[in-house]
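Basis for what follows: all heavy atoms, side chains included, without hydrogens, waters or symmetry-related copies. In what follows, every chain begins at residue 1, and chains take the letters A, B, ... in the order their sequences are listed.
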Amino acid sequence: MFLRFRLLLSELSKFQQTLLRTKQLHALILKLRLSDDPFYATKIVRFYGMSGDFDYVCKVFDGCHHKSVFLWNSIIRAYARARRFNEAFSMFSGMLRGETRPDSFSYACVIRACCESSDVNRLRLFHGGVIVSGLGMDPTCNSALVMAYSKLGLVEEAGRAFSVISEPDLVMWNSMISGYSCCGLSVCSLKMFVEMQRLGESPDGYTLVGLISGLAGPDSIRTGEGVHGFCLKSSFESNPHVGSCLVNMYARFKCMDSAQKVFAGLINLDLVSWSALITGYCQCGEYEKASYFFRKMMGTIKGRKVDPILIASVLAAAAQSANIGMGIELHGSVLRCGLESDVMISSALIDMYAKCGLLGSARRIFENMPKKNAVSYNTIIQGLGLYGLASESFRMFDEMLNAGLEPDSCTFSALLCACCHSGLLNDGRELFTRMEDEFHVRPKVEHYVYLVKLLGMAGEFEEAYQLIDSSPGPVDPGIWGALLSCCEVQGNSEMAEVAARKLFETGAEKGAYRVMLSKVYARDGRWSNVNELRDEMTDAGLRKMPGLSWIGGTGTYS
DNA sequence: GCTAATTAGC
């Protein structure tokens, strides 16, 4: 018997190394009559669940007649890890129907799955199940509940699950601290951090990650620096999780010098820490530095896999800043990494070239894509629209439909935007009706804004007003704002007053709207109204920023 | 065997 176990174990590790076909392993298990041993079944389910071979996992699971809690938990976990939540949940129901009772880990696992699938109703159901099965005071279940509720934004319920436990353990404290951070309640999270230490519990890396990730906004800079000091004192700064969290925190504060200092102090740089630094520079608009560190990273991590998501986000930064040099360099990296056939990367490249003024390159990449999805089409439609090539945008739209792809709300934004750039009112009207009637895409604020602009610029103010008035639900101030700006251009003072009244009713106190209205008044020579508005603005402390032009390189006031 | 870090293309 012992020999059989030894043999299987050595085979297992060999399989892990050489990745031989699983069928042979199954044959071996059958031969050794180990298929009914829950210990080995659990091991196999765990290992092959990771590699995603669920046919095999199921075969082993079904072949085992004496299912232990461990075996059940490992198959539920395997499905949940693979984000196959429905299968995880139905396994759990299967467990409830059978003889093996779920334990705290089974519940913790499905609770987490509820959180990851944003299923609040099911989460409440499992919470009930936890209480009914006598696990209401169990720390494992309650930490899972705290995490799940807070990640779904239900802080109060998370707090309730926390307070059930009279003596919270470290995990429990950590869950609550990161829970408060998730919900933007960094003050509560800090209070918990102090409280746990008062009660004699020492924080670990998880605690600090939870605490740090909640610190955002200029008010928290001092706190952040204090927590950073705590990390230095207790030598948590070298923990890779804590370190990249600190880098990210300083990036949020727009203190890239501090972020860079933390980064420089990290011992083991991994992809996450690099990404935290690079995307930090992108978010702060320091594209040169972003591209410098990106280059440095590519030189350092040789051999290891490059993260396509990171490249896509740096490409987006190049597109936004219309930095063609950076864009071309990134394109080179894409080619070197063999990522050119990645759909996400290609769309980012198309967008970058279009926004940098090289429509031809954008088109070429699009044409050469072996597989196109809705995002690729949306990107090229938008790019063409940007250049005033509306009819080509429409052609792409038809091609997209012919390819059997479903247009979404972004598709219609891109199309309506193309109409705006070319002043195609009739096409815009038609698209707006088709999007809901034919494609069941509900128009959003941006779609209304585009159509209102189209109508307003064509002088169709009555229709624009009707459109806004007939839209369901409360009207976003941006839509009235779009109408008002058209009134300003067209000099329609009656409609301008209507739109402005609506805007001020909704409490949109943007100085720009008042300026627009006052311009319309000025055009009509209604100076008393102009002065009234100006006075109101000075009283409210709303000042118009003086116009500033950067054309020519030196800021010239206009 | 419960809790943790980054980025996500239009």
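- Not a single donor-acceptor contact under 3.5 angstrom links the side-chain atoms of A:Asn248 to the base of B:dT6.
- Among the heavy atoms of the strands, none lies under 4.0 Å from A:Pro308.
- Candidate nucleotides B:dG9, B:dT7, B:dC2 were compared by shortest atom distance to the side chain of A:Asn373, and B:dG9 ranks first.
- Distance from the side chain of A:Thr279 is smallest for B:dT7 among the nucleotides B:dA4, B:dT7, B:dC10.
- Taking side-chain N and O atoms only, A:Arg112 has no distance below 4.0 Å to OP1 or OP2 of B:dG1.
- One interatomic measurement links the two molecules: CH2 of A:Trp173 to P of B:dC2, which rounds to 22 Å at whole-angstrom precision.
- The side chain of A:Asp307 approaches B:dT7 more closely than any other nucleotide in the set B:dT7, B:dC2, B:dA4.
- Contacts of A:Val343 with the nucleic acid, taken as non-hydrogen atoms under 4.0 Å apart, include base atoms.
- The side chain of A:Ile309 lies closest to B:dT7, out of B:dT6, B:dG9, B:dT7.
- Within the 4.0 angstrom heavy-atom criterion, base atoms lie near A:Asp270.
- Distance A:Tyr149 OH to B:dT3 C1': 17 Å, rounded to the nearest Å.
- Looking at the side chain of A:Tyr206, the nearest of the listed nucleotides B:dG9, B:dC2, B:dA4 is B:dA4.
- Between the CZ atom of A:Phe263 and the P atom of B:dT6 there is a distance of 15 Å, rounded to whole Å.
- Checked by atom type and distance alone, the side chain of A:Ser68 pairs as donor or acceptor with a backbone atom of A:Leu71 at under 3.5 Å.
- One can place CE of A:Met344 at 9 Å from P of B:dG9, the figure rounded to the nearest angstrom.
- Atoms CG (A:Leu359) and C1' (B:dC10) sit 15 Å apart, rounded to a whole Å.
- For A:Val272, the side-chain atoms get nearest to B:dA5 when compared with the rest of B:dG9, B:dA5, B:dC2.
- Each of B:dG9, B:dT3, B:dC10 was ranked by its minimum atom distance to the side chain of A:Asn378; first place goes to B:dC10.
- For A:Ser347, whose side chain is taken as the heavy atoms from C-beta onward, the closest listed nucleotide among B:dG9, B:dC2, B:dT7 is B:dG9.
- Rounding to whole angstrom units, CE of residue A:Met249 and P of B:dT6 are separated by 13 Å.
- Distance from the side chain of A:Ser175 is smallest for B:dT3 among the nucleotides B:dT7, B:dC10, B:dT3.
- With A:Met396 as the partner, the side chain to side chain contact (heavy atoms under 4.5 Å, CB included) test is satisfied by one option alone out of A:Thr379, A:Thr411, A:Asn378, A:Leu384: A:Leu384.
- Here the two rings, on A:Phe92 and A:Phe126, have centers that are under 6.0 Å apart.
- The interatomic distance linking A:Asp103 (CG) with B:dC2 (P) rounds to 12 Å, in whole Å.
- Counting any heavy atom pair closer than 4.0 Å across all strands shown, A:Phe70 reaches a base atom.
- The residue A:Asp351 sits close only to the backbone: its heavy atoms come under 4.0 Å of sugar-phosphate atoms, none of a base.
- A:Lys151 has a side-chain polar atom (N or O) that falls below the 4.0 Å cut-off from OP1 or OP2 of B:dA4.
- At whole-Å resolution of the value, CZ in A:Phe293 and P in B:dT7 are 18 Å apart.
- Between the side chain of A:Ser181 and the backbone N or O of A:Gly210 there is at least one donor-acceptor pair closer than 3.5 Å.
- Side-chain N/O atoms of A:Ser291 and A:Arg295 include a donor and acceptor closer than 3.5 Å.
- Residue A:Ser313 is classed as a sugar-phosphate contact, given heavy-atom separations below 4.0 Å to backbone atoms only.
- Atom CD of A:Gln197 has more than 12 heavy atoms from other residues, nucleotides or ligands within 6.0 Å.
- Closest to the side chain of A:Cys245, out of B:dA8, B:dC10, B:dA5, is B:dA5.
- Looking at A:Asn239 and A:Asp204, their side chains never bring a donor and an acceptor atom within 3.5 Å of each other.
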